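Working notes for the structure below.
The figures here come from the full heavy-atom set of this structure, side chains too, leaving out hydrogens, waters and symmetry mates. Computed from a predicted structure; not experimentally measured.
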Amino acid sequence: MIKFHPSEQHLVLYAAGELSPAMLMMVGTHVDMCPKCQAHVQDIEQHMATKLFGETETASIVHGFDEQAMLQAIFNSQSPAGSAAPAANDSLYLEGQRFALPPTLARNSHRIGEWSRLPGKLWRAPVRVGGEEMLNFIYMGEQASLPEHTHKGNEATLVVNGVFNDEHNEYRDGDFMLLDDHHKHSPATQDHDCLTIAALEGPLHFTTGLSRLLNPFSSLFFK
């Protein structure tokens, strides 16, 4: 069961199409995976339609609304004029494994860059969505960990597949977390691997031990 969800404000801005491209993809993927938030977004859309058009037209407007089409139109506006929309790919492959992609990620699979290996059983692939935020897939193998860190800005993380822990909680498929620069944590896996997608407003800032020596270079790994 999904325990961690976007805020009410994020869901309202998502329904209105007013999030940044990176956060639209993050929240849209969570909504793909979370029946509770799907129902809540539908309620928000109905409220918006009623406010704009009144009761008589609301049912037909909401019934014909296509969130994925809206999301794709926003992302397509970032592409050169006249370019054809690439075909969706609902699978991602890494380390001999296949990961099923939720619809929002599948429709934007052409934006996923090449995987690069990082120290500590970690892999990273950038996702090109435009805007100033950084969006990355992060894969953690079993018994992997990141040193304690905070961020220069907000960090949104969504679990696509698997399990990871930090000092505060355990996070599983569909869980959505938003941390600011006042939060410190040390993500780690145990007996399961984990595929996440993360939106960063700024690079990691390591806070303990020798890992602090990596701070001048952290933007090279997570950018």
Side-chain angles (χ1 to χ4, degrees), residues 1-45 65-79 85-94 97-113 115 123-140 154-164 169-179 187 192-201 222:
M1 183 178 71
I2 296 174
K3 297 185 295 183
F4 302 99
H5 307 269
S7 67
E8 175 80 9
Q9 179 184 18
H10 277 107
L11 292 176
V12 170
L13 292 174
Y14 168 74
E18 294 178 359
L19 292 172
S20 67
M23 287 302 293
L24 273 172
M25 190 174 291
M26 294 284 295
V27 176
T29 301
H30 172 84
V31 171
D32 289 341
M33 302 175 72
C34 180
K36 176 181 177 180
C37 286
Q38 288 174 19
H40 191 35
V41 167
Q42 289 177 357
D43 289 342
I44 292 169
E45 292 163 357
F65 184 77
D66 186 341
E67 292 171 7
Q68 291 294 338
M70 177 201 73
L71 193 61
Q72 200 59 41
I74 291 170
F75 286 129
N76 286 345
S77 69
Q78 314 282 328
S79 303
N89 185 348
D90 63 0
S91 298
L92 185 150
Y93 297 90
L94 180 67
Q97 298 187 69
R98 173 189 174 274
F99 298 95
L101 295 178
T104 296
L105 293 178
R107 295 190 185 194
N108 290 280
S109 57
H110 61 287
R111 301 179 184 276
I112 303 171
W115 287 96
W123 290 79
R124 166 193 169 269
V127 185
R128 300 176 295 271
V129 294
E132 296 181 357
E133 291 171 306
M134 299 174 283
L135 189 60
N136 294 278
F137 274 107
I138 305 295
Y139 172 76
M140 305 176 69
N154 291 327
E155 172 200 27
T157 302
L158 173 72
V159 179
V160 178
N161 183 268
V163 186
F164 83 89
N169 280 292
E170 177 182 86
Y171 308 96
R172 293 179 173 269
D173 293 16
D175 280 335
F176 178 98
M177 295 76 68
L178 182 65
L179 304 178
H192 298 85
D193 60 355
C194 190
L195 177 68
T196 66
I197 190 167
L200 309 176
E201 290 183 344
F222 300 96

When you compare the side chain of [Y] with that of [X], does any pair of heavy atoms fall below 4.5 Å?
| X | Y | answer |
| --- | --- | --- |
| Ile2 | Lys36 | no |
| Asn169 | Met177 | no |
| Leu101 | Asn89 | no |
| Ile138 | Phe164 | no |
| Leu92 | Phe137 | yes |
| Thr104 | Val31 | no |

Residues at least two apart in sequence or cross-chain that pass ring pair (Phe, Tyr, Trp, His ring centres under 6.0 Å) with His5, listed by chain then number, are His30
Listed by chain and number, what are the ring pair (Phe, Tyr, Trp, His ring centres under 6.0 Å) partners of Phe99, not counting sequence neighbours? Tyr139
CD of Gln9: more than 12 outside heavy atoms within 6.0 angstrom? no
Over all heavy atoms of both residues, which pair between [X] and [Y] is shortest? Give the atoms and the distance, please.
| X | Y | result |
| --- | --- | --- |
| Met23 | Ala199 | SD-CB, 4.2 Å |
| Pro126 | Asn136 | CA-OD1, 3.6 Å |
| Val163 | Arg172 | CG2-NH1, 3.3 Å |
| Glu170 | Asp175 | O-OD2, 4.1 Å |
| Ala106 | Asp90 | CB-CA, 3.8 Å |
| Leu11 | Val41 | CD2-CG2, 4.0 Å |

Can you say whether the rings of Trp115 and Trp123 are parallel (under 30°), tilted (30 to 60°) or perpendicular (over 60°)? perpendicular
Starting from the C-alpha separation in whole Å, work towards a yes-or-no answer on side chain to side chain contact (heavy atoms under 4.5 Å, CB included) for Met26 and Leu135. CA-CA 9 Å; Met26 294 284 295; Leu135 189 60; 3.7 Å; yes
Not counting sequence neighbours, which residues clear side-chain contact (heavy atoms from CB on, under 4.5 Å) with Leu178? List them please. His10, Asn154, Ala156, Phe176
